[in-house]
Engineer: 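Take a look at this one; I'll ask things after.
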Amino acid sequence: MLRSHTCGELNLTHNGQIVTLSGWVQRSRDLGGMTFVDLRDRYGITQLVFNMETNAPLCEEARKLGREYVISATGTVTERSNKNLKMPTGEIEIFVEKLEILNVSKIPPFTIEDNTDGGDELRMKYRYLDLRRNTVRDNLMLRHHMGIETRNYMNEIGFIEVETPVLIKSTPEGARDFVVPSRMNEGQFYALPQSPQTFKQLLMVAGLDKYFQIVKCFRDEDLRADRQPEFTQIDCEMSFVTQDDILNTFEGLTRHLFKTVKSVDINKLPRMTFADAMKNYGNDKPDIRFEMTFVELTDLVKGHDFKVFEDAELVAGINANGCAGYTRKQLDALTDFVKRPQVGAGGLIYVRFNEDGSLKSSVDKFYTEDDLKKWAAAFNAKPGDLMLILAGVAGKTRKALSELRLEMGNQLGLRNSEVFAPLWVVDFPLLEWDEDTQRYYAMHHPFTSPKPEDIPMLDTDPGKVRANAYDLVINGVEIGGGSIRIHNRDLQKRMFTILGFTDEDAQAQFGFLMNAFEFGAPPHGGIAFGFDRMCSLFGGSDSIRDYIAFPKNNSGRDVMIDSPSPIKQEQLDELKLKLNLTEK
Ligand code: ASP
């Protein structure tokens with residue numbers, strides 16, 4: 001054995017024992033008579049001591065150790081005179097009697113400490129070094145813990161994990177597919193799954209009853225901090241269930257994970273309809289850690305010759321408690337914020353409810369203090385508050401006000417990453433109209449069932465039809481989503497027609513599923529959770545990359561293995577592929 005203990009476990013109870021530790025040299029300090037080396041492994045750091053007086057040659061050798069050298073050291077556990085109680089091993093040190101250098105190391109391109117000097121790209125290029133850092137490694141440990149607890153819980157309640165294929169069939173619906181050429185089937189391609197959706201439904205037809213899988217999914221989309229071309233889902237499906245059964249089951253999983261991984265107790269999850277979420281938060285993934293819900297003033301403010309309000313489809317605002325003292329500069333900054341293209345408002349109207357009870361607005365030319373009093377009543381505002389109002393086309397105004405609400409939440413410190421406020425958003429619309437292509441798209445996916453009571457509207461007013469679809473939202477992040485599925489061939493076929501498929505297309509793309517529905521498909525439904533996002537939320541970070549061992553950068557590249565990369569002409573020939581690249 002190259003070690004008797006790890007670098008994280010020794011303490012005063014081991015005092016006097018002879019031990020062997022192996023690991024990496026984090027840092028060494030030469031104090032003349034003594035040389036100290038911090039030895040690191042996955043479990044922690046232990047201080048090694050080399051004494052010039054008792055063993056000069058060994059101390060000389062220790063002085064030559066470079067950062068990240070791999071060594072094995074044998075010595076006696078000794079109580080430290082200068083204890084570091086912040087470290088689990090901080091009460092002891094090892095007086096080394098034997099040292100073996102197992103491997104040398106080049107000087108690492110960045111410091112391997114909690115606070116590193118390495119930039120993102122550099123750390124990604126040397127990800128194996130980045131992963132030596134406690135913070136990054138802890139993220140992977142958290143992810144491991146989440147995975148284990150998910151499997152424990154799902155197993156406990158009777159779900160079985162089934163693997164579904166990775167080489168599947170390209171379908172036009174949803175995001176863009178990654179495709180893989182088939183050598184044996186010239187001119188034909190597999191696609192990597194965007195999710196195991198159709199397979200898990202087929203598993204229900206097969207009678208597996210309760211399925212789950214922690215599974216890689218692939219979507220060829222533009223990347224952001226919370227997106228990766230390959231990502232992991234906790235994918236689940238159940239038979240003979242209603243929406244309520246699914247919400248209750250996965251509320252159980254959510255609670256279990258919070259309890260076991262974060263030691264946080266979660267109350268019963270509130271349920272909010274999509275319509276209410278949009279009306280009160282302007283967002284289908286509301287952050288309900290704080291209130292500041294929308295107040296609509298459209299009727300109240302009309303008829304005062306203020307053109308912005310007269311022309312507006314919606315006038316709505318939020319009340320920022322205790323912000324009446326915002327300076328001109330702060331208000332200008334908020335105005336700039338809402339005018340940013342990503343937010344998209346034309347301007348910002350504000351009303352200060354001063355501590356002395358007086359009201360002062362940016363539209364005093366058009367409104368008397370009595371008018372403003374009525375507004376304040378609508379906002380339920382108190383002296384000291386600041387009302388912030390936007391106006392315009394309803395959809396755009398709600399979106400912009402949602403951004404402003406989140407910004408105010410940030411400014412007022414109401415979005416603490418250690419506070420968790422999960423909820424279910426339910427009753428999503430079945431379809432979404434797209435102006436560009438002049439057609440309906442499935443808001444969730446084409447297998448989602450309409451609410452039975454809304455089915456008659458499929459012909460008359462498809463946009464109004466609600467789905468048995470739901471999202472799990474935590475702290476303003478969509479963590480999971482799912483639906484009760486269509487399990488009837490005719491309804492599924494009708495759905496494809498509404499989505500603009502010809503019968504032939506529907507049959508060619510999804511015939512396997514519709515055919516299966518003819519062999520006794522049970523009612524079923526399910527959900528999938530974004531596992532990477534869930535891990536980053538539990539870890540208190542916005543970036544899912546921090547929770548993926550080997551992530552890709554914003555251009556979808558793995559800069560460590562340098563991929564994607566060209567392939568050899570022989571490979572192309574074998575696949576019968578001819579590239580037609582545009583010159584750059
Ligand atoms: N397959 C869906 C998705 O990836 C989730 C589901 O409906 O279960 O979003």
Side-chain angles (χ1 to χ4, degrees), residues 150 154 159 161-166 168-178 191-205 208-221 226-239 241-251 253-254 274 284-285 424-432 441-451 466-474 477-487 492 495 499 509-510 513 521-534 544:
T150 300
M154 299 307 281
F159 280 73
E161 184 159 21
V162 181
E163 289 173 86
T164 50
V166 173
I168 64 164
K169 182 186 167 87
S170 183
T171 59
E173 213 61 8
R176 203 176 291 112
D177 283 325
F178 281 102
L192 304 182
Q194 297 187 24
S195 84
Q197 184 61 35
T198 50
F199 288 97
K200 66 175 171 172
Q201 293 192 237
L202 293 170
L203 290 174
M204 295 303 104
V205 180
L208 266 75
D209 200 59
K210 290 179 179 160
Y211 143 94
F212 87 104
Q213 184 182 189
I214 299 185
V215 61
K216 270 286 170 76
C217 301
F218 307 85
R219 296 184 190 171
D220 188 4
E221 295 175 304
D226 64 346
R227 274 213 199 131
Q228 283 276 303
E230 55 177 299
F231 59 97
T232 304
Q233 287 190 341
I234 306 173
D235 191 45
C236 313
E237 198 77 4
M238 309 168 77
S239 290
V241 285
T242 60
Q243 171 166 308
D244 249 14
D245 297 321
I246 294 190
L247 300 192
N248 290 334
T249 302
F250 293 99
E251 191 161 324
L253 172 64
T254 309
F274 170 86
D284 62 1
K285 32 182 190 293
W424 291 109
V425 177
V426 297
D427 296 355
F428 275 82
L430 183 70
L431 302 162
E432 209 171 9
Y441 282 84
M443 186 134 180
H444 186 47
H445 52 53
F447 317 107
T448 296
S449 83
K451 281 196 180 290
R466 292 165 308 157
N468 269 323
Y470 32 79
D471 275 356
L472 175 69
V473 174
I474 308 180
V477 180
E478 181 197 327
I479 290 295
S483 59
I484 295 294
R485 325 298 184 189
I486 297 170
H487 64 282
Q492 186 64 71
M495 189 65 191
L499 295 174
Q509 298 292 337
F510 296 109
L513 185 68
H524 61 285
I527 191 164
F529 298 93
F531 187 57
D532 315 280
R533 262 191 217 175
M534 210 160 180
I544 65 171

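All ligand and atom numbering here is 1-based and tracks the order in the structure. Heavy-atom basis, side chains included; hydrogens, waters and symmetry copies ignored. Just so you know, these numbers come straight off a predicted model, no measurement behind them.
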Engineer: At what distance is the nearest protein heavy atom to atom 5 (C) of ligand 1, and which residue and atom is it?
Structural biologist: Gly481 O, 3.4 Å
Engineer: Would you mind checking which non-hydrogen protein atom is closest to atom 9 (O) of ligand 1, with the distance to 0.1 Å?
Structural biologist: His444 CE1, 3.9 Å
Engineer: Find all atoms of ligand 1 within a distance of less than 4.0 Å from any non-hydrogen atom belonging to Gly482, and give their numbers and elements.
Structural biologist: 6 (C), 7 (O)
Engineer: Measuring from the heavy atoms of Glu237, does anything fall under 4.0 Å of ligand 1?
Structural biologist: no
Engineer: Can you find a pair of side-chain heavy atoms, one from Phe250 and one from Leu472, that are under 4.5 Å apart?
Structural biologist: no
Engineer: Just go through Glu478, Gln233, Lys200 and tell me whose heavy atom is the nearest to atom 8 (O) of ligand 1.
Structural biologist: Lys200
Engineer: Work out which heavy atom in Met204 is nearest to a heavy atom in Pro522; give both atom names and the distance.
Structural biologist: O-CG, 3.4 Å
Engineer: Looking at atom 1 (N) of ligand 1, what's its closest protein heavy atom, distance included?
Structural biologist: Gln197 OE1, 2.7 Å
Engineer: With atoms numbered from 1 as shown, which atoms in ligand 1 lie under 4.0 angstrom from a non-hydrogen atom of Ile527?
Structural biologist: 8 (O)
Engineer: Run the numbers for me: atoms of ligand 1, each under 4.0 Å from some heavy atom of Ser195, listed by number.
Structural biologist: 1 (N), 4 (O)
Engineer: Taking the inter-plane angle between the rings of Phe510 and Phe447 on a 0 to 90° scale, is it parallel (under 30°), tilted (30 to 60°) or perpendicular (over 60°)?
Structural biologist: perpendicular
Engineer: Can a side-chain donor-acceptor contact be found between Gln213 and Thr164 if the only test is distance below 3.5 angstrom?
Structural biologist: yes
Engineer: Is there a donor-acceptor pair under 3.5 Å between the side chain of Asp532 and the backbone N or O of Thr232?
Structural biologist: yes
Engineer: Is the shortest side-chain N to carboxylate O distance from Lys451 to Asp427 below 4.0 Å?
Structural biologist: yes
Engineer: At under 4.0 Å between heavy atoms, is it the side chain or the backbone of Ala528 that contacts ligand 1, or both, or neither?
Structural biologist: both
Engineer: Do any nitrogen or oxygen atoms of Arg485 come within less than 3.5 Å of a nitrogen or oxygen of ligand 1?
Structural biologist: yes
Engineer: In terms of ring plane angle, is the pair Phe428 and Phe274 parallel, tilted or perpendicular, where the classes change at 30° and 60°?
Structural biologist: tilted
